[in-house]
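Notes to accompany the following structure.
Quick note: numbers below take in every heavy atom, side chains included, and nothing from hydrogens, waters or symmetry partners.
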Amino acid sequence: MLLKKNVVGTHRRLIRFYVAVTPPVRLHVDDTFSLPIIFEAGDLRGYFTDTVELSFDDAEAAQEWKVSRTIRATVGVASDYELLRPAAPYVRRPRRVITRVREPLPGPVPPSRATIPYVKTLPRYPLKDEFATLGSLDQRIANIRAMLPTSLNGSTYKDFWSALLFVEEHQMR
């Protein structure tokens, strides 16, 4: 089995994880191999992550597969790190028990929406009768299609839906 090494991930400015250049290694069953990963952060502090990708090639089975692992480095002053550690372990708040209302409380019934007095009646919108009465069904369909714009875009959107609402209102009468 042949092992090819690669460190992939985000390489920013002076932050680098890398593997020293070595030729591919042939591994056998139960072989152990140490792979030193070098990390250089420069003058920066904080948490840094990257991904190690190991490519395996099995010539006998004609298979190739990859194993990826995330590596993490923390750079900083030990005393600062100790000050920033949590004082106590995180404890999740207990879930609130939801109580369902089974029977509503007795009380006055709210007034119905049908009792709302309207201030004035809306005016009637006159429809053109030529679409409903003139010609055969095919002619009426052709008249309706003539009302619709040929394409639907930002400039014809209003006309398209206005025509469809007009036809629907006409069918309701």
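- Hydrophobic clustering (side-chain heavy atoms under 4.5 Å, transitive across Ile, Leu, Val, Met, Phe, Trp, Tyr) groups V25 together with W65.
- By the salt bridge (charged side-chain N to carboxylate O under 4.0 Å, His left out) test, E82 pairs with R85, sequence neighbours left out.
- For D138, the side chain to side chain contact (heavy atoms under 4.5 Å, CB included) partners are S136, not counting sequence neighbours.
- Exactly one of V52, T49, I38, D50 qualifies for a side chain to side chain contact (heavy atoms under 4.5 Å, CB included) with F17. That residue is D50.
- Follow the hydrophobic side-chain contacts under 4.5 Å out from L84 and you never reach V75; the two are in separate clusters.
- Every side chain to side chain contact (heavy atoms under 4.5 Å, CB included) that V77 has, sequence neighbours left out, goes to R45, S79, D80.
- Under the side chain to side chain contact (heavy atoms under 4.5 Å, CB included) criterion, A62 pairs with no residue at all, not counting sequence neighbours.
- When hydrophobic residues (I, L, V, M, F, W, Y) are linked wherever their side-chain heavy atoms come within less than 4.5 Å, the members clustered with Y47 are Y81.
- Rounding to the nearest 0.5 angstrom, the gap separating the NZ atom in K66 from the CG atom in D57 is 11.0 Å.
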Only distances under 3.5 Å count here; give the side-chain donor-acceptor pairs of residues 156-165 to other protein atoms, sequence neighbours excluded, each with its distance to 0.1 Å.
residue	atom	partner	partner atom	Å
T156	OG1	S151	O	2.7
T156	OG1	N153	N	3.0
T156	OG1	N153	OD1	3.1
S162	OG	K158	O	2.8

